[in-house]
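One structure is given below, encoded as C-alpha cells.
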Amino acid sequence: MDLSNGTPLVAIPGPSILPDRVRTAMARPMPNIYEGYLLDMSYRILERLPSIARTSGHVSIIQSNGHGAWQSAISNTLVPGDKVLALESGRFAIIWAEYAAMAGVDTEVLPGDARSAVDVAALQARLEADVDGDITAIFTVQTDTATSVRNDIPAIRAAIDAAGHDALLMVDCIASMGCERFEMDNWGVDITVAASQKGLMCPPGLGFVWVSEKAFEMHPRVTHRVGYVDWARRLEPKAYYEIFAGTPPVPNLHALDEALSMIEEEGGLDAVWARHEALANGVRAAVEAWSTPDGIGFNITDPAHRSNAVTTIDTGEIDAVRLRGICEAQAGVTLGVGLIGDRERSFRIGHMGYLNPPMILGTLATIEAALTALAAPMGSSGVAAAAESIGAALRG
Ligand SMILES: *Cc1c(COP(=O)(O)O)cnc(C)c1O
C-alpha cells in the first residue's frame with residue numbers, strides 16, 4: 001500500500017533538509033555585484049565564518065562542493081614530492097589523498113577498518129618511524145559519512161605531538177561541521193575543510209577552507225599555482241571580486257547568511273551541537289533497541305566513536321535495499337544507501353542540520369514500520385526507546 005502522500009522527508013547524510021528561511025532567501029533577485037548590500041553581506045559572512053570552525057585564522061569560500069574544498073587545501077600547500085599520510089577510517093580521507101596523488105604528491109595510507117576510528121597509537125608509531133620528516137601532511141576526517149565513525153581529533157593531535165612530528169594536520173569536517181564539537185585552534189588543526197550542504201543547512205555549492213598561520217606559511221612554496229583556488233587572492237583580496245574569483249555565488253551567499261543567523265538565534269554552536277547530540281542519542285537508542293544478532297546493529301562498534309551527524313546501520317539478514325525501498329516509495333522517507341560492503345546489508349540515517357524531534361522520530365518510526373512490513377527480526381521498539389531518550393533530553 002502506498003501511504004507516501006504527505007511532506008517527503010529526506011534523511012540522507014547530505015544534502016540535508018533546507019529551512020524555509022534559507023530557501024526563501026535564495027529566491028531573491030540578482031543584485032549589483034560591484035557595490036551595495038551584497039558586498040556588506042559577503043564581508044559579514046567572512047567575519048562570522050571563523051567562529052564556525054572556532055578559529056581566528058583565515059577562511060576561504062570556494063564555489064564548489066566538498067571536493068573543491070579538498071582541492072583548495074591541496075593546491076595551496078603541497079608540491080610534487082611531498083608526502084601525505086591518509087588516516088583510513090572509512091572512505092573519505094582516502095579519496096582526498098587520491099586527489100593529492102593527482103598533483104604529484106606521494107601518498108601513504110595508515111590502514112584502518114570500516115568499523116572503528118583511527119588507531120592513534122599506530123599513527124604515533126608511524127610518525128616516530130618517519131625520522132627524515134618525509135610526511136608533509138596528514139589527512140583525516142572528523143566524521144566519515146560512509147561508516148559514521150567520529151574520530152577523536154584532539155587524540156590525533158596528541159599522537160602527532162607525542163611523536164614530535166611537524167606535519168600539517170588537515171581535517172575534513174564536511175559531514176560534521178555544525179553537528180559535532182570542533183575547535184580548530186584549541187585542537188591544533190592546521191587546515192579544516194567543510195561544505196555548505198550538510199550540518200550548515202545550506203544547498204550544495206559552497207566549500208570552506210579554514211587556514212592556520214602555519215598552513216598559510218606553506219603557500220609561498222607552491223610554484224605551480226591553481227589560480228581559481230589560490231589563497232593569495234582569496235585570502236588576501238585586493239578587491240571584492242578576488243574573494244570569489246569573479247562573480248559571487250549570490251543565492252548560496254544569501255542562504256549562508258540566513259543559516260548563520262539561524263545558528264546564532266539558536267544560541268550559537270554549543271546549543272546546535274547539544275541538539276545534534278540529543279537527537280543522535282535518540283537514533284542510537286532506536287538502533288540499540290532494534291538490534292538482534294541476525295538483524296539490525298551498529299556499524300561502529302565503540303559507542304564513543306559514533307557520529308552525531310550520521311548513523312550507519314548494519315542490517316544482517318534484512319535486505320537493506322528493500323527496507324529503503326519501502327520507506328521511500330510507500331512511506332515518503334528517503335534513507336541513505338549503504339556505502340560500505342554489500343549495499344543490501346546496510347543503510348544510513350542522516351541526522352544533520354535542520355532537524356527536530358518530529359522529523360527524526362518520524363523517520364525512526366517509519367523505519368520501524370518498514371521493518372514490521374518485512375517481518376524482520378527486531379529486538380524491541382526503537383520508537384519507544386528513542387522517545388524515552390529524547391524525552392529525557394526535553395526534561396533537561
Ligand atoms: C559529503 C562528504 C564529502 C564530499 O563532499 P561533496 O560536497 O560531495 O564533494 C567529503 N568528505 C566527507 C566526510 C563528506 O561527508
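Position 1 is the first residue of the sequence; numbering continues from there. Atoms within each ligand, like the ligands themselves, are counted from 1 in listed order.
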Under 3.5 Å donor-acceptor, Thr312 side chain and Ala146 backbone: yes
Ligand 1 contacted by Thr143 (non-hydrogen, < 4.0 Å): yes
For Gln142, state whether at least one heavy atom is located under 4.0 Å from any atom of ligand 1. no
Nearest non-hydrogen protein atom, [atom]:
atom                    : answer
atom 11 (N) of ligand 1 : Asp172 OD2, 2.7 Å
atom 15 (O) of ligand 1 : Thr145 OG1, 2.2 Å
atom 9 (O) of ligand 1  : His67 ND1, 2.4 Å
atom 2 (C) of ligand 1  : Lys198 NZ, 2.6 Å
atom 6 (P) of ligand 1  : Gly66 N, 3.4 Å

I want to check a possible cation-pi pair here: Arg234 against Tyr228, using under 6.0 Å from ring centre and within 45° of the ring axis as the test. yes
Tell me which one of Val84, Val222, Asp106 satisfies side chain to side chain contact (heavy atoms under 4.5 Å, CB included) with Leu78. Val84
Is the ring centre of Phe182 less than 6.0 Å from the ring centre of Trp187? yes
Mind checking whether His276 and Trp273 have ring centres under 6.0 Å apart? no
Can you name the salt bridge (charged side-chain N to carboxylate O under 4.0 Å, His left out) partners of Asp190, sequence neighbours left out? Arg157
Ligand 1 to Ala175, heavy atom cutoff 4.0 Å, flagged ligand atoms 15 (O)
In terms of atom number and element, which parts of ligand 1 are under 4.0 angstrom from non-hydrogen atoms of Gln197? 6 (P), 7 (O)
Where does Trp70 meet ligand 1, judged by heavy-atom distances below 4.0 Å: at the side chain, the backbone, both, or neither? side chain
Between Ser346 and Asp314: side-chain donor-acceptor atoms closer than 3.5 Å: no
